[in-house]
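Below is one structure; the comments refer to it alone.
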Number of protein chains: 2
Amino acid sequence: MAVAGDKTQGGTAERILDSAERLVQTRGFSNFSYADVAAELGITKASLHYHFPGKAELGEALITRYAERFSEALDRIDHDLPTARARLEAYAELYAGVLRGERMCMCGVLAAEYETLPGAMRAEVVRFFDENQRWLAQLLTAGQADNTLSFTGPVDETAQNILSTLEGAMLVARPYGDLARFDGARRALLAGLTVTR
Amino acid sequence: MAVAGDKTQGGTAERILDSAERLVQTRGFSNFSYADVAAELGITKASLHYHFPGKAELGEALITRYAERFSEALDRIDHDLPTARARLEAYAELYAGVLRGERMCMCGVLAAEYETLPGAMRAEVVRFFDENQRWLAQLLTAGQADNTLSFTGPVDETAQNILSTLEGAMLVARPYGDLARFDGARRALLAGLTVTR
DNA sequence: GTCTATAGGCAGATAGAC
DNA sequence: GTCTATCTGCCTATAGAC
């Protein structure tokens, strides 16, 4: 069991998830293998099957953990920052951090190969997007109330647009290896939601 | 050789490209096989290798043809429509048409698995994006001149943002199987570029 | 929990007949 | 140009020893 000060090590299952997560975010789900993970951790493929019976189950566990961590990050943003605008900026910064790690959003990658995913993974990808949009919609409503965000369209539609704008910015920026590209998209997004004085 | 009235048939190489193109746009490059294409066309895998020696060469031919057709569509838009705004709307409609065919932009899909692509394909994906951005930048400049488009940031950055916004809208809309989702993103994009009266 | 060994399938690819 | 036949390699997955 994990104890305090356990940051670097973790159990085998966690280390498998860490390795597989990075591989999915950089190469895609169908472009990494048990052999890749096993080699990276210095164990055998058979051991992986002990912790995760099949690739589908591993994939489910990957999204579940990713979504939980993301949700926790959103909770921290809500707790730490006072205005809707500051929260939105922190939200965009979450995505920028992923890109700085030379990764794509996990669910963005999975969306590209959505048709080939096991059913359970498909459902989890959509759930992740839904959760993001729910949080953003609530944020936008708060932004109208505290007068730190301005927008003209419906709340839900605007929330959807924020999500897909950031996903698209990551998707296209990565082939260029250009973080400034993402920053440009982020700047325009925030500018479009700024209250006119 | 292709002759007039040859719309439905085409040579074998063209039919291979048609089949592979649809498969890439729906499943991704690494998620389709020579066996898939062969089965769809009722020929053998060996025949495919006669026309395209390897999957890398087939991939290159796919992007080349896709980019050429896209470029022709852009030329038609320039020729047929008078204002920059009308051209931008037609551009967004190109993407909507792809999504209506239950496909994703080919280069958007390939961007998600960029790290695993052969070098020649990688270069072609970036070239496709560059070509789109070049056309959009020229469009935006024309839009300032004819006063049908308005934007505050730099031309090149705005062009990049239009591209990644549409790519992101397609990427996220497809798992939902929801065309209205894309339309929402398109509407917001165009609204953000509208001249204030 | 981790290992060795191996099964069974599908991938991309080639040789050579027709 | 298209075929049959085959190769090699990697994939996911399992059985069973330790």
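Just so it is clear, the values below take in all heavy atoms, side chains as well, and ignore hydrogens, waters and symmetry mates.
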Length of the CG-P vector between B/Leu48 and C/dT14, whole Å: 13 Å
Residues B/Arg22 and B/Asp36 bridged, charged N to O under 4.0 Å: no
Pairwise side-chain contact, B/Glu21 with B/Arg69, heavy-atom cut-off 4.5 Å (strictly under): yes
Main-chain N/O of B/Glu60 paired to B/Thr64 side chain as donor or acceptor, under 3.5 Å: yes
Beyond-backbone contact of B/Phe29 with B/Val109, side-chain heavy atoms, under 4.5 angstrom: no
Nucleotides 2-18 of chain D: protein proximity per nucleotide (B base, S sugar-phosphate only, - neither; heavy atom, under 4.0 Å): BBB------SBBBB---
Of all pairs that satisfy salt bridge (charged side-chain N to carboxylate O under 4.0 Å, His left out), the ones with a partner from residues 73-99 of chain B, not counting sequence neighbours: B/Asp78-B/Arg87, B/Arg85-B/Glu89, B/Glu93-B/Arg100, B/Glu93-B/Arg186
SB check B/Arg134 B/Glu131 (cutoff 4.0 Å): yes
Nearest-Å distance for atom pair CD1/C1', residues A/Ile16 and C/dG1: 10 Å
Atom pair CG (B/Asn132) and CZ (B/Phe128), whose distance is rounded to the nearest 0.5 Å: 4.5 Å
Check ion pair A/Arg174-A/Glu102 (N to O, under 4.0 angstrom): no
Each stem that DNA chain D is part of, given as range with range (3 or more consecutive Watson-Crick or G-U pairs, under 3.5 Å): C:1-18 with D:1-18
